[in-house]
Protein chains: 2
Amino acid sequence: MARRTKEQAAETREQLLDAAERVFHAKGVARATLDDIARDAGMTRGAIYWHFKNKTDIFTAMCDRVTLPMQAMLDAQLADPGEDPLGQLASDGARILSLVASDPRTLRVFEIILFKTELSEVVAEVMAEEAERAATCRNQLATILRAAQQKGQIPAHVDCYLAAFALNGYLIGCIREWLELREFDLAQRAEWLMQTFYMGLRHAPPLDAA
Amino acid sequence: MARRTKEQAAETREQLLDAAERVFHAKGVARATLDDIARDAGMTRGAIYWHFKNKTDIFTAMCDRVTLPMQAMLDAQLADPGEDPLGQLASDGARILSLVASDPRTLRVFEIILFKTELSEVVAEVMAEEAERAATCRNQLATILRAAQQKGQIPAHVDCYLAAFALNGYLIGCIREWLELREFDLAQRAEWLMQTFYMGLRHAPPLDAA
DNA sequence: GTGTTTACAAACATACACGTATGTATCTAA
DNA sequence: TTAGATACATACGTGTATGTTTGTAAACAC
């Protein structure tokens with residue numbers, strides 16, 4: 001095969017990632033073959049081994065393409081809490097839900113991560129950094145919630161870290177359920193789903209109520 | 001190998017399922033080998049192929065061992081809504097969360113299902129029946145929520161099917177998050193988590209608020 | 001007590017996915 | 001203009017999982 005220009009090479013790299021999305025989505029990550037991906041992109045495994053180290057490498061590159069922009073979004077939100085932290089957080093969550101529903105790439109990759117990826121001790125490295133990322137996210141959410149608490153939007157007795165945990169679970173859980181279902185327009189219901197959850201936080205009982 | 005009594009054979013079947021739990025949990029379903037499972041149980045693949053048709057068969061048998069009792073629990077709850085449907089539902093959810101936290105088998109299998117199983121077009125049959133099971137569960141939840149609505153526990157404008165969707169997502173999401181985290185005692189916080197969510201339902205805004 | 005079936009173990013045949021090594025045509029820089 | 005680097009394609013060796021077949025000793029029926 002002929003050598004190609006830098007731009008063309010970058011293009012094929014993107015095409016390979018696109019193909020990885022399709023193949024991982026169709027067959028699951030473990031069952032997907034590097035040959036499957038290469039053929040889907042109209043190339044051979046040689047191209048893959050040139051651009052990526054192995055299957056794990058192409059997988060993380062594929063995930064980064066959609067998660068990095070989202071993380072940036074959260075960072076920006078954290079940098080400027082604003083006057084209505086809880087309301088901001090609610091519309092942010094709604095925006096994420098809408099994004100999943102509207103952007104095909106985000107949709108596919110979320111489906112892959114939530115349904116078509118097996119975490120095991122074998123891929124411990126990937127798990128470790130993912131766990132760290134999730135912990136950071138939870139802490140950021142907790143920080144924002146504490147800001148909301150200081151403004152009186154949440155009762156003082158609420159454990160904001162636990163609330164961040166619940167919020168994170170709720171978001172992921174809603175996405176997961178909707179991906180399975182697809183019956184209604186998620187973007188349309190997103191605001192209600194988030195508002196309802198925050199109403200729960202506003203009226204949360206004290207911890208020892210259990 | 002010698003022939004064994006019926007009881008002994010049933011015992012080895014259980015041992016194989018126990019081994020499948022451990023191996024699936026450790027390596028993920030796709031990466032787990034039938035030989036891995038057999039060796040873990042102190043046998044050979046011959047035993048597996050005697051008791052089960054293939055890997056999918058042993059996987060579903062393993063899942064059924066923990067999901068069937070839980071489904072029975074929900075059925076009983078549906079048969080008798082009681083005087084306080086919402087409160088009952090809350091304590092039921094808390095019970096499920098506590099079960100995940102306290103019963104090792106439930107814990108392992110949930111982890112396998114949520115994190116170590118790749119759904120793909122290849123296992124479409126399994127997916128189809130799982131989707132049907134989930135739909136039934138959602139409908140049952142919606143029915144119970146409507147009963148709560150008629151007793152005035154939930155505002156009349158709430159779409160109970162959407163609420164059931166959110167509840168289901170919340171439960172699964174909380175389990176998922178906790179499995180990743182394991183920082184606190186889930187059984188202790190379960191009641192608060194459920195109560196907080198139901199407080200959101202009680203104070204849910206009208207749908208067109210978005 | 002004998003024959004048959006059961007409950008596995010052991011051996012085999014097939015297939016497939018991975019990594020790597022090697023080939024090669026083009027681009028680029030000096 | 002040419003030497004080397006680049007961007008892939010092709011080919012090969014190896015490991016490994018799967019399904020099946022065959023072997024076999026004990027349980028059970030009669």
Side-chain angles (χ1 to χ4, degrees), chain A residues 1-20 22-62 116-118 120-123 125-126, chain B residues 1-20 22-62 116-118 120-123 125-126:
Chain A
M1 179 61 180
R3 180 184 176 188
R4 322 179 60 176
T5 67
K6 269 190 191 299
E7 302 84 49
Q8 286 175 321
E11 172 87 5
T12 63
R13 193 189 125 99
E14 292 301 304
Q15 287 176 4
L16 286 174
L17 289 177
D18 291 344
R22 288 189 292 269
V23 175
F24 284 154
H25 185 270
K27 306 188 68 171
V29 177
R31 301 191 64 91
T33 300
L34 293 183
D35 189 59
D36 290 334
I37 298 175
R39 293 176 98 83
D40 185 282
M43 308 185 204
T44 69
R45 276 168 48 239
I48 293 185
Y49 276 104
W50 176 256
H51 287 285
F52 308 98
K53 193 181 167 192
N54 49 29
K55 193 161 64 168
T56 303
D57 195 33
I58 195 174
F59 173 75
T60 58
M62 182 200 71
K116 294 158 192 303
T117 308
E118 289 181 3
S120 67
E121 294 167 358
V122 187
V123 288
E125 339 114 40
V126 186
Chain B
M1 179 60 179
R3 180 184 177 187
R4 320 178 63 176
T5 67
K6 268 192 193 298
E7 303 83 50
Q8 286 175 322
E11 172 88 4
T12 62
R13 193 190 125 99
E14 292 301 304
Q15 288 175 4
L16 286 173
L17 289 176
D18 291 344
R22 288 189 293 268
V23 175
F24 284 154
H25 185 270
K27 306 188 69 172
V29 176
R31 300 191 63 90
T33 300
L34 294 184
D35 189 59
D36 290 335
I37 299 175
R39 293 178 97 84
D40 186 283
M43 310 186 203
T44 70
R45 276 168 48 240
I48 293 185
Y49 277 104
W50 174 256
H51 287 285
F52 307 97
K53 192 180 167 191
N54 51 28
K55 191 153 88 166
T56 304
D57 194 33
I58 195 176
F59 173 76
T60 57
M62 182 200 70
K116 296 160 191 303
T117 308
E118 289 181 4
S120 67
E121 294 168 358
V122 186
V123 288
E125 339 113 40
V126 186

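Here the structure is a predicted model, which means the values were calculated and not measured. Proteins come first, then strands; the chains are lettered A, B, ... in the order of their sequence lines, and each starts at number 1.
For A/His51 and D/dC8, the shortest distance from a side-chain N or O to OP1 or OP2 is below 4.0 Å. Contact check, A/Trp50 against D/dA7: a side-chain N or O comes under 4.0 Å of OP1 or OP2. Taking side-chain N and O atoms only, B/Thr12 has no distance below 4.0 Å to OP1 or OP2 of C/dA7.
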- Please walk me through it: do A/Phe24 and A/Ile37 pass side chain to side chain contact (heavy atoms under 4.5 Å, CB included)? CA-CA 8 Å; A/Phe24 284 154; A/Ile37 298 175; 3.9 Å; yes
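Regarding B/Glu11, its CD atom lies at a distance of 15 Å from the C1' atom of C/dC8, rounded to whole Å. The interatomic distance linking A/Ile48 (CD1) with D/dA7 (C1') rounds to 14 Å, in whole Å. The distance from atom CD of B/Gln8 to atom P of C/dC8 is 9 Å, rounded to the nearest whole Å. The distance between atom CZ of A/Phe52 and atom P of D/dC8, rounded to the nearest whole Å, is 11 Å. Per the geometry, CD1 belonging to B/Ile58 stands 14 Å off C1' belonging to D/dT18, to the nearest Å.
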- Task: Treat primed atoms plus P, OP1 and OP2 as sugar-phosphate and everything else as base, then score nucleotides 15-20 of chain C 5' to 3': B for base contact with protein heavy atoms under 4.0 Å, S for sugar-phosphate contact only, - for none.
- Result: --SBBB
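Residue order along DNA chain D, read from the 5' end via each residue's closest nucleotide, puts B/Gly46 first among B/Gly46 and B/Lys6.
In this structure A/Arg39 satisfies the side-chain hydrogen bond (donor to acceptor under 3.5 Å, both in side chains) test with no other residue, sequence neighbours excluded. Partners of B/Glu14 by side-chain contact (heavy atoms from CB on, under 4.5 Å), not counting sequence neighbours, listed by chain and number: B/Leu17, B/Arg65.
Nearest heavy-atom pair across A/Phe59 and A/Val29 is CE1-CG2, 3.9 Å. Between A/Asp40 and A/Ala19, the shortest heavy-atom contact is OD1-CB, 3.4 Å. Minimum heavy-atom separation, B/Asp36 to B/Arg31: OD2-O, 4.2 Å.
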